[in-house]
**Student:** 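I have a structure I would like to understand better, so I am pasting it below and will then ask my questions one at a time.
The sequence lines fix the lettering, A, B, ..., with proteins before strands; numbering per chain opens at 1. Here the structure is a predicted model, which is why all the values come from computation and not from measurement.
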2 protein chains.
Amino acid sequence: MSGYALPIRNLIREFAKFPGIGEKTATRLANHVLHASVDEVRVFAESLLDVKRKIHLCSVCFNLAEGELCEICADRGRDHGTICVVEDADSLIALEASGGYNGVYHVLQGAISPLDGIGPEQLRIAELIARLDNQEVNEVIIATNPDTSGEATALFLLKLLKGRGVKVSRIACGVPMGGDLRYIDKMTLAKSLEFRRSA
Amino acid sequence: MSGYALPIRNLIREFAKFPGIGEKTATRLANHVLHASVDEVRVFAESLLDVKRKIHLCSVCFNLAEGELCEICADRGRDHGTICVVEDADSLIALEASGGYNGVYHVLQGAISPLDGIGPEQLRIAELIARLDNQEVNEVIIATNPDTSGEATALFLLKLLKGRGVKVSRIACGVPMGGDLRYIDKMTLAKSLEFRRSA
């Protein structure tokens, strides 16, 4: 970075703090800022601050939201009787991108992980139960990640929701579409055999 | 991007304007902003605006500078009798990073390219001549890029500086260090033969 004036060096250092951005890419991005117009940079800086100022959690499902409700909870066209439980907003976005779901969500804000000090009371599980008590819900789909903490959370929720008269399901686990069996790990293959469907 | 609240979508769009940043990377970067503290984001936004507010061109060499003079022109430890002429600040940074130069620079702010409407009068050539008139200069090293417009600029400068009693040189052209002759273009190989040095 030697040869650059201090404000440019500062900006390069700031860009390099982002995940997956090394010094070379950071320099390229800072160069783009140098050559952009003042107005363009102002709009960018404003949009950064906007995210921190305006985004908070939806009061119903704890998805990231601009208003009181997130866009999904506010959408009357969606099936509010089906709740998909996810760990975080990123999972929600991934499921939304799949286009295969028209229900609503509940974002737990993490998964049970005793080693990290995260128990059920650190998650939005009480709020999920409250939703089931206060509104008509037909089905809860548990879509936590298929890893240790996600599975632990799913198991906990399954026990908690049993006998509440609501259908509870777990997203399917198996070989990914387009995958090659040679390169898929043993656990996934075992699951894909265990959960085989009659054709 | 569906599922994200508007301020996040805006930020993703802003990140995606950077060169080499696609929607996926932009989303990852926006996510980092979401999870960063307000203060961290404020520092980042501030450093962006700082670059536009504080950076201008050095009054001597037209390098990017924070003060009246750039750090190189202000450095009394450097050899002010040797001027390396480059097209832009990026070239200057690359040469500085090589660590092989202790003189000063002159940044032309481009190269002669008639098709783009850039002639000698659009570049900082008059200012270079003024520097030669007003101070003791022993050598001018022409380090424009070895492409059409860079070579045209070098040729123009060579003619202009001839007979001024100053030593003029051009950076060496040849095979890059660590290169493999099999994969080096014909033009470069021809140059490396033409400019061979007696060993």
**Student:** Under 4.5 Å heavy-atom distance to chain B, tell me which part of A:Ile21 shows up: side chain, backbone, both or neither.
**Tutor:** side chain
**Student:** Please determine, among B:Arg42, B:Arg28, B:Lys54, B:Glu40, the option with the most heavy-atom pairs under 4.5 Å with chain A.
**Tutor:**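 Highest number of heavy-atom pairs under 4.5 Å: B:Arg28.
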**Student:** Between A:Asn31, A:Val41, A:Val33, A:Leu48, which has the largest tally of heavy atom pairs under 4.5 Å with chain B?
**Tutor:**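 Most heavy-atom pairs within the cutoff with chain B belong to A:Leu48.
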**Student:** Counting only heavy atoms not in A:Glu121, do more than 12 fall under 6.0 Å of its CD?
**Tutor:** yes
**Student:** Heavy atoms only, distances under 4.5 angstrom: which of B:Val38, B:Thr25, B:Ile55 has the most pairs with chain A? Name it, please.
**Tutor:**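 It is B:Ile55.
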**Student:** Measuring heavy-atom distances to chain B, does A:Leu34 have an atom under 4.5 Å in its side chain, in its backbone, in both, or in neither?
**Tutor:** both
**Student:** Using the rule that two of Ile, Leu, Val, Met, Phe, Trp, Tyr join whenever any of their side-chain heavy atoms come within less than 4.5 Å, decide whether B:Ile112 and B:Leu128 are in one cluster.
**Tutor:** yes
**Student:** Strictly less than 4.5 Å between heavy atoms, which residues of residues 184-195 of chain A line up against chain B? Please order them by number.
**Tutor:**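 Result: none.
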**Student:** Establish whether A:Tyr101 and A:Val168 are linked, either directly or via other cluster members, by ILVMFWY side-chain heavy-atom contacts under 4.5 Å.
**Tutor:** yes
**Student:** Do A:Leu57 and A:Leu64 come within less than 4.5 Å of each other through their side chains, counting heavy atoms only?
**Tutor:**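 A side-chain contact exists here, since the closest heavy-atom pair is under 4.5 Å.
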**Student:** Sort A:Glu71 into side chain, backbone, both or neither according to what part of it lies under 4.5 angstrom from a heavy atom of chain B.
**Tutor:**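 Contact with chain B involves the side chain of A:Glu71 alone.
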**Student:** Treat each ILVMFWY residue as a node, draw an edge where side-chain heavy atoms are under 4.5 Å apart, and state whether A:Ile129 and A:Phe62 are in one component.
**Tutor:** yes
**Student:** Should A:Leu132 and A:Val107 be regarded as members of a common hydrophobic cluster, given that ILVMFWY residues are connected when their side-chain heavy atoms come within less than 4.5 Å of each other, either directly or indirectly?
**Tutor:**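 As far as the 4.5 Å side-chain criterion goes, A:Val107 and A:Leu132 are connected within one cluster.
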**Student:** Going by atom types alone, do A:Ser91 and A:Asp88 pair a side-chain donor with an acceptor below 3.5 Å?
**Tutor:** yes
**Student:** Would you check if there is a donor-acceptor pair between the side chains of B:Glu139 and B:Thr82 at a distance under 3.5 Å?
**Tutor:** no
**Student:** Check B:Glu127, B:Arg131, B:Arg124 against B:His106 for a side chain to side chain donor-acceptor pair (under 3.5 Å) and give me the one that passes.
**Tutor:** B:Arg131
**Student:** Top residue by heavy-atom pair count (under 4.5 Å) with chain B, among A:Ala36, A:Ser37, A:Ala30?
**Tutor:** A:Ala36
**Student:** With under 30° as parallel and over 60° as perpendicular, where do the rings of A:Phe15 and A:Phe44 fit, or are they tilted in between?
**Tutor:**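 Ring orientation of A:Phe15 relative to A:Phe44: parallel.
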**Student:** Most heavy-atom pairs under 4.5 angstrom with chain A, which of B:Asn10, B:Asp50, B:Leu29, B:Leu6?
**Tutor:**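 When all of B:Asn10, B:Asp50, B:Leu29, B:Leu6 are compared, B:Leu29 has the most.
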